[in-house]
Amino acid sequence: MPKASSIFDESIQNWVCFMIRSMTGFGSASKAEDGLTVAVELKSVNYRFKEVNARMPRPLLYLEDKIKQTIFKHIQRGRLELFVSVDDEALISRKIQVDWPLLEEYMKTADELKDRYKLSGEITLHDAFRFEHVIQIEEEPVYHEHLERVLLETVEAAVSELCSMREAEGARLKDDCLQHIAKLEKLTGEIEALAPAVVDHYRERLESRLEEWSADRFDESRLLTEVALFADRSDITEEVTRLKSHFRQFRDICEAGGASGRKLDFLVQELNREANTIGSKANDHRITKCVVEMKSSIEKIKEQVQNIE
């Protein structure tokens with residue numbers, strides 16, 4: 001039977017996964033254990049896919065795939081910069097290697113130069129250390145049985161902090177988007193209320209013109225035909241219906257949470273399409289004004305949605 005604490009932790013993790021999250025954030029963590037000190041930093045920005053650019057000491061490159069897998073368990077979208085640092089002394093042992101045969105050649109050549117050209121002077125210890133390629137420092141990786149565990153635990157802690165920041169920012173993005181959706185709903189209601197009057201105004205203007213043109217030969221059937229054609233061309237019932245549907249879907253997606261940025265981005269495109277169609281059909285300055293305000297709000301939603309995971 002699973003422990004109560006593990007069930008609680010799992011439920012918390014599942015709840016977190018359903019939150020709207022931003023793709024922008026920062027997280028860091030460090031851990032010291034048995035003389036081994038590990039520090040991890042993560043920075044993320046918006047990106048269509050998910051990608052990790054890792055910067056870490058060369059001796060740790062064999063762990064890069066495991067580190068990325070650990071990060072991708074929590075991140076669905078975004079470009080991440082990963083910085084890992086570990087005490088050099090814990091990763092590498094250094095030894096001095098002397099090329100004795102080469103040093104012997106230096107010494108032998110020095111004696112030959114003295115004899116041939118009657119030179120004076122002695123080779124000192126300081127000189128020997130300055131001979132090229134004679135004394136070198138070799139580095140060997142140090143194997144730590146617990147290095148992988150400590151490093152991955154530190155990465156988990158950094159990712160957790162990163163996700164917390166992304167969730168807090170995501171909540172702000174969600175609230176801002178829903179405020180604009182509420183404004184769009186209000187504007188859509190105003191447009192829906194204005195739409196019937198547009199046809200009536202057109203009928204009155206057309207009737208007046210026909211009377212001026214035809215005087216006593218007023219053709220009512222022609223008037224009715226023109227009005228009917230105009231009403232058909234300017235009908236925005238379908239666009240308004242689709243807008244209302246998109247508003248509901250937008251709210252539902254926000255409530256469902258998770259990696260929903262792409263879905264919301266698609267809906268924003270559809271909102272913009274319907275607003276443009278209404279604007280092209282509208283023959284009324286009041287509706288045109290509403291459409292301009294709608295497009296302004298849609299553009300603001302678009303900017304926010306592009307940063308949602």
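Because the structure is a prediction, the values reported are computed rather than measured.
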key: Joint cluster assignment, Met23 & Leu173, ILVMFWY side-chain distance < 4.5 Å   = no
inquiry  = Using a strict threshold of under 4.0 Å (side-chain N to carboxylate O), is an ion pair present between Glu255 and Lys174?
reply    = yes
query = Between Ala275 and Ile298, which heavy-atom pair has the shortest distance, and what is it?
reply = CB-CD1, 4.0 Å
inquiry  = What I want to check is whether the side chains of Thr109 and Glu105 have a donor and an acceptor closer together than 3.5 Å.
reply    = no
query = Is it true that the side chains of Thr24 and Asn46 contain a donor and an acceptor less than 3.5 Å apart?
reply = no
Student check: side-chain heavy atoms of Phe72 and Lys50 closer than 4.5 Å = yes
inquiry  = Closer than 4.0 angstrom, basic N to acidic O: yes or no for Arg55 and Glu64?
reply    = no
task = Please check if the side chain of Tyr106 supplies one atom and the backbone of Glu132 the other of a donor-acceptor pair under 3.5 Å.
result = yes
inquiry  = Other residues, nucleotides and ligands only: do more than 12 of their heavy atoms fall within 6.0 Å of NZ on Lys31?
reply    = yes
inquiry  = On a heavy-atom basis, which atom in Met165 and which in Phe26 lie closest, and how many Å separate them?
reply    = SD-N, 3.1 Å
Worked verdict on Gln269 versus His246 for side-chain contact (heavy atoms from CB on, under 4.5 Å) = CA-CA 10 Å; Gln269 295 179 41; His246 295 334; over 6 Å; no
request  = State, yes or no, whether a side-chain contact exists between Val150 and Thr154 at a heavy-atom distance under 4.5 Å.
outcome  = yes
remark   = Smallest heavy-atom separation, Ser297 atom then Lys183 atom, equals OG-CD, 3.4 Å
message = Quick check: closest heavy atoms across Arg166 and Ser44, and the distance to 0.1 Å?
response = NH1-OG, 3.1 Å
ask   = If you count the non-hydrogen atoms of other residues, nucleotides and ligands that lie under 6.0 Å from NZ in Lys289, is the total more than 12?
value = no
key: Note: Glu274-Arg242 ion pair, threshold 4.0 Å (strictly below)   = yes
key: Residues Lys114, Glu122: salt bridge by 4.0 Å N-O rule   = yes
Approximate separation, where rounding is to 0.5 Å, of Leu184 CG and Phe250 CZ = 9.0 Å
query = Do Val52 and Leu61 share a hydrophobic cluster, counting only Ile, Leu, Val, Met, Phe, Trp and Tyr and linking them when any side-chain heavy atoms are less than 4.5 Å apart?
reply = yes
task = Please report the C-alpha distance between Lys295 and Glu299 in whole Å, then the side-chain angles of each, then the deciding distance to 0.1 Å, and finally whether the salt bridge (charged side-chain N to carboxylate O under 4.0 Å, His left out) criterion is met.
result = CA-CA 6 Å; Lys295 289 178 68 65; Glu299 188 63 30; over 6 Å; no
task = Could you walk me through whether Ile191 and Leu243 pass the side-chain contact (heavy atoms from CB on, under 4.5 Å) test, one step at a time?
result = CA-CA 12 Å; Ile191 290 173; Leu243 278 174; over 6 Å; no
CA sep, side-chain torsions, deciding dist, call: Glu81, Leu42, side-chain contact (heavy atoms from CB on, under 4.5 Å) = CA-CA 6 Å; Glu81 294 287 337; Leu42 274 169; over 6 Å; no
Leu60 side, atom CG; Leu147 side, atom CG - distance, nearest 0.5 Å = 5.5 Å
key: Short N-O contact, Arg172 and Glu169, less than 4.0 angstrom   = yes
salt_bridge(Glu239, Lys281) N-O dist < 4.0 Å = yes
Flag side-chain contact, heavy atom, 4.5 Å: Val159 against Val40 = no
Glu192 with Lys244: basic N within carboxylate O range, under 4.0 Å = yes
query = Going by atom types only, do His180 and Gln304 share a side-chain donor-acceptor pair under 3.5 Å?
reply = no
inquiry  = Under a 4.0 Å threshold between the charged nitrogen and the carboxylate oxygen, would Glu167 count as salt-bridged to Arg21?
reply    = yes
query = Do Tyr62 and Ile71 sit in the same hydrophobic cluster, where Ile, Leu, Val, Met, Phe, Trp and Tyr count as joined when their side-chain heavy atoms come under 4.5 Å apart?
reply = yes
ask   = Trp100 and Leu125: same hydrophobic cluster, using ILVMFWY side-chain contacts below 4.5 Å?
value = yes
inquiry  = Quick check: do Leu271 and Phe247 have side-chain heavy atoms less than 4.5 Å from each other?
reply    = yes
query = What closest approach, in Å, do Ala128 and Ile135 show between heavy atoms, and which atom pair accounts for it?
reply = O-CD1, 4.2 Å
request  = Measure the CG-CZ distance between Asp265 and Arg48 for me, rounded to the nearest 0.5 Å.
outcome  = 9.5 Å
request  = To the nearest 0.5 angstrom, please state how far the CD atom of Glu190 sits from the CD atom of Glu185.
outcome  = 12.5 Å
request  = Could you check if a side-chain atom of Thr188 sits within less than 4.5 angstrom of a side-chain atom of Cys290, using non-hydrogen atoms only?
outcome  = no
message = For a 4.5 angstrom cut-off between non-hydrogen side-chain atoms, does Leu82 reach Met56?
response = yes
key: Phe83 with Leu36, same ILVMFWY side-chain cluster at under 4.5 Å   = no
query = If you draw a 6.0 Å radius around NZ in Lys263, do more than 12 non-hydrogen atoms from other residues or ligands fall strictly inside?
reply = no
query = Would a 4.5 Å heavy-atom cut-off, applied to side chains only, mark Phe129 and Val134 as touching?
reply = no
note = Note: Ile20 and Ser260 closest approach over all heavy atoms is CD1-OG, 2.9 Å
key: Flag if over 12 foreign heavy atoms under 6.0 Å of CZ, Arg149   = yes
message = What's the separation between atom SG in Cys254 and atom CD1 in Ile308, rounded to the nearest 0.5 Å?
response = 6.0 Å
request  = For atom CD of Glu238, decide whether the heavy atoms of other residues, nucleotides or ligands shown that lie under 6.0 angstrom number more than 12.
outcome  = no
ask   = Run the side-chain contact (heavy atoms from CB on, under 4.5 Å) check on Lys43 and Leu80 step by step: do they pass?
value = CA-CA 5 Å; Lys43 296 191 296 184; Leu80 293 96; over 6 Å; no
request  = Kindly indicate whether the side chain of His133, heavy atoms from C-beta on, has any atom under 4.5 Å from the side chain of Phe131.
outcome  = no
task = First locate atom CG of Leu63, then atom CG of Leu152, and finally report the distance between them rounded to the nearest 0.5 Å.
result = 6.5 Å
